[in-house]
2 protein chains.
Amino acid sequence: MAGKSEARLSNLSRLWGDQTQRTRGPAPAYTCEQIADAAIELADEEGLESVSMRKVAARLGTGAMSLYRYVESKDSLIDLMGDRIVGREGWPELTGDWKRDLGDFARGQRRALLERPWLSRVWSGMPAIGPNMLRGFERTMSILDGLGLGIDDMFETIGLLNAWIDGHVQSELALRAYFGDVDDEEVQRAMGPYVQAVMDSGEYPYFTQVITDAQGPHDDPERRFERSLERLLAGIEATLPGR
Amino acid sequence: MAGKSEARLSNLSRLWGDQTQRTRGPAPAYTCEQIADAAIELADEEGLESVSMRKVAARLGTGAMSLYRYVESKDSLIDLMGDRIVGREGWPELTGDWKRDLGDFARGQRRALLERPWLSRVWSGMPAIGPNMLRGFERTMSILDGLGLGIDDMFETIGLLNAWIDGHVQSELALRAYFGDVDDEEVQRAMGPYVQAVMDSGEYPYFTQVITDAQGPHDDPERRFERSLERLLAGIEATLPGR
DNA sequence: CCTGAAGTGAGTACGATGTACGCGGTAACC
DNA sequence: GGTTACCGCGTACATCGTACTCACTTCAGG
C-alpha cells in the first residue's frame with residue numbers, strides 16, 4: 001500500500017503541469033489532454049478494463065512507450081482521465097440560491113456518472129486531486145459559503161452529497177442491469193433465474209419486495225433522484241446553524 | 001461492458017453455493033471460504049492490487065489453476081471476498097430502537113472499512129449480491145420497518161446511509177494520507193510540497209482552509225463521525241411520515 | 001555555421017498477470 | 001470391475017505495465 005501511495009503522488013507533478021518551460025529538443029507531439037481524451041474515448045467504447053497503454057497509444061498512432069513521456073504511469077493516466085472530464089464540461093453560473101445551486105451540481109454529477117459507468121470507479125478514492133477537480137471543489141464549497149457553517153461542516157456536507165450521488169447512481173445502474181429495459185436484456189435473461197430463486201426461497205422478503213416494486217410501473221429514475229435529492233437538501237437545511 | 005456484466009453474473013452460481021450435491025470423484029480439497037480467506041489475508045498484508053490467482057494459490061499450497069474449480073474468475077473471487085467479510089463478523093442483537101440500531105450498523109460498517117482500506121473498492125459497485133450481503137441487507141431493512149416508510153423509501157434510506165458511510169471513510173482515509181499522524185509519513189513528506197504549492201497559489205482558499213483546519217489540534221475522527229452520523233439520523237427522522 | 005546538450009518518439013524485452021486446455025488420478029455408481 | 005464424473009494441477013498463450021535503450025530532432029553557445 002505504501003507503494004501504491006508512492007505511485008499516486010508522483011502523478012501530481014503531471015497533473016499540475018510541471019511548468020518548467022522547454023528549451024531544447026523537438027516539441028512534444030501530443031498533449032496530456034489528447035492522451036486523456038483518447039483514453040476516455042476508449043473507455044467509453046470498450047470499457048475501462050480494456051484501457052491499456054498499448055491501445056491508447058495505438059489510437060493516437062504511436063507506440064505504448066511514447067505515452068510515458070507525458071504520463072508517469074497507467075494509474076496516472078487514469079487520474080488524468082478523471083480530472084480531464086471534470087475540466088471538459090462547463091459549469092453553469094451560480095444563482096446564489098444554495099439549494100438550487102447544490103441541486104444543479106448534483107444533477108450534473110449524476111448525469112456525468114450515468115453517461116460513463118466507469119467514471120465512478122475512477123473518481124472514487126482519488127487522493128491525487130487534479131486542478132480541475134480542485135476548481136470544482138472550490139466552486140461547490142462556495143455554494144455552501146455564507147450559510148453559517150464551519151469549514152469542516154461544509155467539507156463534510158459536500159462529502160455527504162458526493163457520496164450519496166455516487167451511491168445512488170451505482171444502485172441506479174445496478175437496478176438497470178437487473179431489470180433494465182435498456183439494451184442489456186441478455187444480462188437480465190441470465191440474471192433473472194437467480195434473482196427469481198432468491199425471491200422464491202422466501203428468506204429475503206425485503207429484497208423481494210424491492211425487486212417486485214421496481215419491476216412494476218414505477219415512476220422514472222429521474223423522479224426518484226429528485227425526491228431523494230430534495231430530502232437530502234432538506235436534511236442539510238434542517239441542520240443549518242440558523243435552525 | 002456487456003462482457004463484464006456477463007462475467008459478473010456467472011459469479012452468482014458460485015456465490016450461492018450451487019447446491020448440486022456431489023456424487024462421484026474425490027472430495028474437494030478446499031472450500032470457497034478457505035480460498036476467500038486466503039485472498040483476504042493476502043489483501044490485508046500486501047494490498048488488493050497484489051491479490052493474484054497465483055499468490056492466493058501459493059498461500060494454500062497449490063497451483064493457480066486449482067482455484068478455478070471453486071471460483072469462476074478472479075472477479076468472482078473478489079466478489080467472494082466481499083461477501084465473506086460480511087459473513088464473518090457477527091451482528092449484534094437489534095434493540096428495537098431504530099436510531100440506535102442504525103447507528104450501530106453505521107459504526108460497524110465504518111470499523112470494517114477502516115480496518116481494510118481495500119474493502120470499499122470491493123463493496124462498491126457489486127451487482128452480484130452474495131447471500132451474506134443479502135442477509136445483511138434484510139437485517140438493515142428490518143431496522144427501518146415499522147416506521148411508516150414505503151419499501152422504496154426504506155431502500156433509498158439505507159442506500160443513502162451506506163453511501164455516506166463509504167464516502168466518509170474514504171475522506172477519512174484520504175485525510176490520513178495527507179496529514180496523518182499514522183505510519184505513513186513518507187507519503188506526507190512527498191505529498192506535502194504539492195499541497196503546500198497549491199495552498200500558496202492562493203487560488204484555492206477553501207482547500208487551504210480545510211487542510212489547515214485538519215492539521216490543527218482537531219477533535220478526533222470518532223467524534224467527527226458521530227457528529228455527522230447524528231446529523232444524518234436526525235435528517236432521516238425529520239423526513240419520517242409521522243413528521 | 002558548427003557542436004554538444006537536452007529532449008523527443010519508439011522499439012525491444014522482461015516479468016507478471018488471467019485463464020483455456022488437457023492430462024492423469026480418484027472415488028462413487030451400475 | 002468397468003464406467004463415469006470429478007478432482008488437482010501443469011503447460012501454454014495472449015496481454016499487460018514498464019525498464020532500458022537508441023537514433024533522431026531541435027536549440028543554445030561558440
Side-chain angles (χ1 to χ4, degrees), chain A residues 3-4 6-8 10-11 13-14 17-32 34-36 38-39 42-43 46-81 118 122, chain B residues 3-4 6-8 10-11 13-14 17-32 34-36 38-39 42-43 46-81 118 122:
Chain A
K4 191 166 190 182
E6 199 171 355
R8 225 60 194 280
S10 51
N11 307 349
S13 68
R14 300 295 179 154
D18 220 351
Q19 288 301 17
T20 58
Q21 72 271 24
R22 328 175 335 84
T23 51
R24 276 183 255 255
Y30 316 99
T31 65
C32 280
Q34 281 174 36
I35 295 175
L42 208 79
E46 304 180 36
L48 183 63
E49 76 280 0
S50 76
V51 171
S52 74
M53 299 306 271
R54 279 174 240 259
K55 287 191 199 157
V56 172
R59 187 168 285 256
L60 291 168
T62 180
M65 290 318 292
S66 301
L67 302 185
Y68 283 91
R69 292 274 169 205
Y70 303 86
V71 163
E72 202 75 20
S73 65
K74 187 192 177 179
D75 283 336
S76 165
L77 175 57
I78 302 287
D79 285 350
L80 219 60
M81 290 168 67
W118 50 268
V122 173
Chain B
K4 191 166 190 182
E6 200 171 355
R8 225 58 193 284
S10 50
N11 307 349
S13 68
R14 300 295 178 154
D18 220 352
Q19 288 302 19
T20 59
Q21 72 273 21
R22 327 176 337 84
T23 51
R24 277 183 256 254
Y30 315 100
T31 64
C32 280
Q34 282 173 35
I35 295 174
L42 208 80
E46 304 181 34
L48 183 64
E49 77 279 0
S50 75
V51 170
S52 75
M53 300 305 273
R54 278 173 242 259
K55 286 190 199 156
V56 173
R59 189 168 283 257
L60 291 169
T62 181
M65 291 316 292
S66 301
L67 303 185
Y68 284 90
R69 291 274 171 205
Y70 303 85
V71 163
E72 203 75 22
S73 65
K74 187 192 177 178
D75 283 336
S76 165
L77 174 57
I78 302 288
D79 285 350
L80 219 60
M81 289 167 68
W118 49 269
V122 173

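To find a chain, count down the sequence lines: A is the first, B the second, and so on, and within it residues start at 1. Any value given below was found using the heavy atoms of this structure, including those in side chains, with hydrogens, waters and symmetry copies removed.
Following rounding to the nearest Å, Glu72(A) (CD) and dG17(D) (P) show an atom-to-atom distance of 16 Å. Protein atom CD of Glu49(A) is 12 Å distant from nucleotide atom P of dG17(D), rounded to whole Å. dG9(C) atom C1' lies 12 Å from atom CD1 of Ile35(A), rounded to whole Å. For the pair Leu77(B) CG and dG18(C) P, the computed distance is 10 Å after rounding to whole Å. With rounding to whole Å, Tyr68(A) atom OH is found 7 Å from dA19(D) atom P. Computed from coordinates, the Leu60(B) CG to dG8(D) P distance equals 11 Å when rounded to whole Å. Going from atom CG of Leu67(B) over to atom P of dG8(D) covers 10 Å, rounded to whole Å. Taking atom CE on Met53(B) and atom P on dT11(D), their separation rounds to 18 Å, with Å as the unit.
Counting only heavy atoms from C-beta on, Met65(B) has its side chain closest to dT11(D) among dT11(D), dG8(D), dT18(D). The side chain of Tyr30(A) lies closest to dG9(C), out of dG9(C), dT17(C), dG17(D). With distances taken from any side-chain atom of Arg69(A) to the nucleotides dT17(C), dC6(D), dG9(C), the minimum falls on dG9(C).
Heavy-atom minimum distance, Met53(B) versus Leu67(B): O-CD1, 3.5 Å. The two residues Val51(B) and Ala39(B) have their closest heavy-atom pair at CG2-O, 3.9 Å. Contact record, Ala64(B) with Arg54(B): CB-CG, 3.7 Å, taken as the closest heavy-atom pair.
Put simply, Lys55(A) has no side-chain N or O that comes within less than 4.0 Å of OP1 or OP2 on dT15(D). The side chain of Tyr70(A) places an N or O atom within less than 4.0 Å of a non-bridging phosphate oxygen (OP1 or OP2) of dG9(C).
Toward the 5' end of DNA chain D, the nearer of the two residues Ala29(B) and Arg54(A), judged by each one's closest nucleotide, is Ala29(B).
Counting heavy atoms from C-beta on, the side chains of Val122(A) and Leu48(A) come closer than 4.5 Å.
Heavy atoms of Ser52(B) sit under 4.0 angstrom from primed sugar atoms or phosphate atoms, though from no base atom. Counting non-hydrogen atoms under 4.0 angstrom, Val51(B) reaches the backbone sugars and phosphates but no base.
Counting only distance, with no hydrogens or angles, the side chain of Tyr70(A) and the backbone of Tyr30(A) share a donor-acceptor pair below 3.5 Å.
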